[in-house]
Q: 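Encoded as structure tokens, here's the structure I'll be asking about.
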Amino acid sequence: MLPITHQNEIHLQACDVDIANRWKPSAILIAAQEAAELHADALGCGHRQMVARGNFFILMRVRAQMHDYPKLGDGVHITTWPGEVRRTIFPRYYRFRDAAGNEIGHMSSVWMICDIESRKILTPEQGSVTMPEKPEPTVFPAPEKIVFPEGAGETVS
């Protein structure tokens, strides 16, 4: 049976905090990616396993909301789980808790599988990826498509 969730704990080091001694957004993303990789490895679709099959996961979008930022030396408990796969879209969710068990933030991400050679997007079957049949319930929204204001990105001469 595939593990539905993965949990791990990290302790913030100097490289994880900013000048105000708060967990940096870049360090949050790295911690989330490392937790996802550990879980993907347990599911049989970690980076090494995917490359051996000739494909890889790519991160498409991320949505994060933090309620509090831990400081240097604080422990952070990370729980991650995959959402329900929709055609070629692999959602993944994360919950961050402090040492007392209080939620300090959550995050969602959207991933896709690509073929190394062709760079084509693959379905789970084409990528030989199996996710747990009963994913954890989703309690916060997945990242949405980015909508640019009209005229954004136009070149001005």
Q: Do the side chain of K24 and the main chain of C15 share a donor and acceptor less than 3.5 angstrom apart?
A: yes

Q: Do T130 and P124 have side-chain heavy atoms sitting under 4.5 Å apart?
A: no

Q: Taking the side chain as every heavy atom from C-beta outward, state whether F96 and Q65 have any atom pair closer than 4.5 Å.
A: no

Q: For the residue pair T80 and A35, what are the closest heavy atoms and their distance?
A: CG2-O, 3.8 Å

Q: Within a 6.0 Å radius of atom CD on Q33, are there more than 12 heavy atoms belonging to other residues, nucleotides or ligands?
A: no

Q: Would you find a donor on one side and an acceptor on the other, under 3.5 Å apart, between the side chain of N21 and the backbone of L72?
A: yes

Q: If you define the side chain from C-beta out and look only at heavy atoms, does anything of W111 sit under 4.5 Å from P82?
A: no

Q: Could you state whether I58 and I89 fall into the same hydrophobic cluster, counting links through intermediate Ile, Leu, Val, Met, Phe, Trp or Tyr residues with side-chain heavy atoms under 4.5 angstrom apart?
A: yes

Q: Please give me the minimum heavy-atom distance between E103 and R97, naming the atom from each residue.
A: N-NH1, 3.9 Å

Q: With a 4.5 Å cut-off on side-chain heavy atoms, are D98 and P70 touching?
A: no

Q: Hey, quick one: are I30 and M60 part of the same hydrophobic cluster, counting side-chain heavy atoms closer than 4.5 Å, chains of contacts allowed?
A: no

Q: Are the side chain of E9 and the backbone N or O of G75 linked by a donor-acceptor pair below 3.5 Å?
A: no

Q: Are any of the side-chain heavy atoms of C45 and R53 separated by less than 4.5 Å?
A: yes

Q: How about H67 and H106: do any of their side-chain heavy atoms sit closer than 4.5 Å?
A: yes

Q: Going hydrophobic residue to hydrophobic residue with side-chain gaps under 4.5 angstrom, can you get from L38 over to Y93?
A: no

Q: Under a 4.5 Å cut-off applied to non-hydrogen side-chain atoms, are W23 and D16 in contact?
A: yes

Q: Is there a side-chain contact between Q49 and D41 (heavy atoms, below 4.5 Å)?
A: yes

Q: Is the H6 ring parallel, tilted or perpendicular to the H39 ring (thresholds 30°, 60°)?
A: parallel

